[in-house]
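Atoms considered below: every heavy atom in the structure, side chains included; atoms not considered: hydrogens, waters and symmetry mates. Keep in mind that this is a model prediction, so the values were computed, not measured.
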Amino acid sequence: MADPILRVTDLKVSYGKVEAVRGLSFDVRAGSLVTLVGANGAGKSSIINAITGIVKPASGKIFFEGQDITRTGSHKLVKRGLVQVPEGRQVLSTLTIAENLQIGARLLRSGSAAAIDGIYDRFPVLGERRQLPAGSLSGGEQQMLAIGRAMLAQPRVIFMDEPSMGLAPMIVDEVFNVIEEIRSDGTTVVLVEQNARRALQAADEGHVLQNGEIVRSGTAADLLADDGIIQAYLGTG
Ligand code: ATP
């Protein structure tokens, strides 16, 4: 098998005395969609925040394309193509959609006007409303804006933290369609979700987290087919 694009070994993340991630390991194959699922507080955000350089791991190693990136800061990682769409979207609601994308492009030092036009092509609703405040968009549209902003960095691996949070079921489907399209275009996706069933339906592989540890791993199809898993670890999922 080809070397993984991402390798996490024995990762631990602590906040003071709270051990949020307690020594876990997994690989991500290039071009795959991998999901980390688990209940609230299982440690999902802490894992992707550690990989993307937002929090410092207590111990363990993270490799991107074979190179140790454990202590690399988030700005450098963005330039290398590891980009996160944060939980809660974090769009600048009083600024226009265009300004959100322009600021994103500047921060990511990658987006040209043509790249922003590419985002409008992909998300026509953003193009149509580009002069309106981002706060006037619905939750699902704000999620599209957050994803569009991340895509300006031309990610090699995109990390999505709870993209379906707080969205109506129909909108959740739209967001997942976008995620699946991004993956079909060749971008590796690491998806963190409490909506385990929907995430596993989209994913190739999944890891089930509980209390900062991986309790089950497998192909998404196998995890979905295992009746016990969703009930045991994921509530109603
Ligand atoms: P959620 O869906 O709520 O984001 P999660 O699975 O992503 O949950 P984390 O956010 O990684 O889980 O949190 C794991 C544990 O670490 C929880 O017990 C949480 O309270 C704790 N934690 C997370 N961030 C901090 C922080 N900045 N300071 C202290 N404790 C934290």
Side-chain angles (χ1 to χ4, degrees), residues 1-9 11 13 21 25-36 44-57 60-87 89-91 100-123 126 143-163 175-193 199 202-205 207:
M1 202 178 87
D3 287 340
I5 191 164
L6 203 63
R7 167 161 284 174
V8 174
T9 58
L11 179 70
V13 179
V21 179
S25 304
F26 62 96
D27 285 353
V28 177
R29 281 182 297 115
S32 67
L33 197 168
V34 172
T35 189
L36 307 171
K44 306 179 299 295
S45 301
S46 298
I47 295 168
I48 60 172
N49 285 341
I51 299 172
T52 55
I54 293 164
V55 301
K56 295 232 176 305
K61 293 258 180 233
I62 302 159
F63 299 91
F64 174 53
E65 294 180 322
Q67 291 187 320
D68 188 344
I69 57 159
T70 316
R71 303 277 154 198
T72 308
S74 58
H75 282 91
K76 278 196 181 144
L77 291 176
V78 167
K79 280 195 222 151
R80 289 175 69 172
L82 290 125
V83 182
Q84 185 174 160
V85 182
E87 185 173 347
R89 327 195 225 286
Q90 299 184 17
V91 302
N100 267 272
L101 290 173
Q102 285 153 7
I103 289 172
R106 218 168 297 149
L107 289 177
L108 301 169
R109 283 201 223 145
S110 56
S112 59
I116 293 179
D117 283 344
I119 300 302
Y120 293 147
D121 287 344
R122 182 165 219 153
F123 304 104
L126 300 182
Q143 185 63 56
M144 302 299 179
L145 178 56
I147 294 173
R149 190 176 51 188
M151 293 306 289
L152 286 172
Q154 299 180 299
R156 305 281 316 285
V157 186
I158 190 163
F159 297 82
M160 307 224 185
D161 196 347
E162 306 268 5
V175 169
F176 271 93
N177 287 341
V178 167
I179 294 169
E180 288 173 33
E181 257 173 52
I182 290 170
R183 177 272 168 93
S184 313
D185 289 347
T187 306
T188 306
V189 181
V190 178
L191 170 64
V192 158
E193 263 294 345
D204 301 298
E205 287 170 56
H207 303 286

Taking side chain as C-beta onward, heavy atoms only, is Ser46 less than 4.5 Å from Val21? yes
Tell me the closest heavy-atom pair linking Val13 and Ala50, and the distance in Å. CG2-CB, 3.9 Å
In terms of heavy-atom contacts, Pro155 and Met151 come closest through CD-O, 3.7 Å
Look up atom CG in Leu77 and atom CD in Gln84, then write down how far apart they are to the nearest 0.5 Å. 11.0 Å
Tightest non-hydrogen contact, residues Ala153 and Val78, listed as CB-CG1, 4.3 Å
Are any of the side-chain heavy atoms of Pro163 and Val175 separated by less than 4.5 Å? yes
How many angstroms lie between CG in Leu33 and OG1 in Thr187, if you round to the nearest 0.5 Å? 10.5 Å
Does a side-chain heavy-atom distance below 4.5 Å link Ile179 with Leu191? yes
Could you check if a side-chain atom of Leu36 sits within less than 4.5 angstrom of a side-chain atom of Phe26, using non-hydrogen atoms only? yes
Go through the steps for Leu82 and Phe159 under the test side-chain contact (heavy atoms from CB on, under 4.5 Å), then give the verdict. CA-CA 8 Å; Leu82 290 125; Phe159 297 82; 3.5 Å; yes
I want to check something: taking the side chain as every heavy atom from C-beta on, are Ser32 and Asp204 in contact at a cut-off of under 4.5 Å? yes
Heavy-atom distance under 4.5 Å between the side chains of Leu152 and Ile119, does that happen here? yes
Rounded to the nearest 0.5 Å, how far apart are CZ of Arg149 and CD of Gln90? 7.5 Å
Look only at the side chain of Arg71 and the backbone of Pro57, and say whether a donor-acceptor pair between them is shorter than 3.5 Å. yes
For a side-chain contact (heavy atoms from CB on, under 4.5 Å) check, start with the C-alpha distance between Asp185 and Arg122, then their side-chain angles and the critical distance, and finish with the verdict. CA-CA 12 Å; Asp185 289 347; Arg122 182 165 219 153; 2.8 Å; yes
Evaluation steps, side-chain contact (heavy atoms from CB on, under 4.5 Å), between Leu6 and Thr188: CA-CA 10 Å; Leu6 203 63; Thr188 306; over 6 Å; no
Does Arg156 come within less than 4.0 Å of Glu65, counting only side-chain N to carboxylate O? yes
Taking the basic N atoms (NZ, or NE/NH1/NH2) and the acidic carboxylate oxygens, is any pair closer than 4.0 Å for Asp68 and Lys61? yes
From CD1 (Ile62) to OG1 (Thr9), nearest 0.5 Å: 8.5 Å
Determine, step by step, whether Phe64 and Ile51 satisfy the side-chain contact (heavy atoms from CB on, under 4.5 Å) criterion, reporting the C-alpha distance in whole Å, the side-chain angles of both residues, the deciding distance to 0.1 Å, and the verdict. CA-CA 9 Å; Phe64 174 53; Ile51 299 172; over 6 Å; no
Could you tell me whether the side chains of Glu87 and Ser45 share a donor-acceptor contact shorter than 3.5 Å? yes
Tested for side chain to side chain contact (heavy atoms under 4.5 Å, CB included) against Met160, the lone hit among Val178, Thr35, Ile147, Val190 is Ile147
Measuring from atom CD1 of Ile158 to atom OG1 of Thr52, what distance do you get when rounded to the nearest 0.5 angstrom? 11.5 Å
Using 0.5 Å steps for rounding, measure from the CZ atom of Arg80 to the CD atom of Gln67. 5.0 Å
Inspect the contact between Arg29 and Asp3 and indicate whether a charged nitrogen and a carboxylate oxygen are less than 4.0 angstrom apart. no
Are side-chain heavy atoms of Phe176 and Glu181 found at a separation under 4.5 Å? no
Answer whether the closest heavy-atom distance between the side chains of Asp27 and Val34 falls below 4.5 Å. no
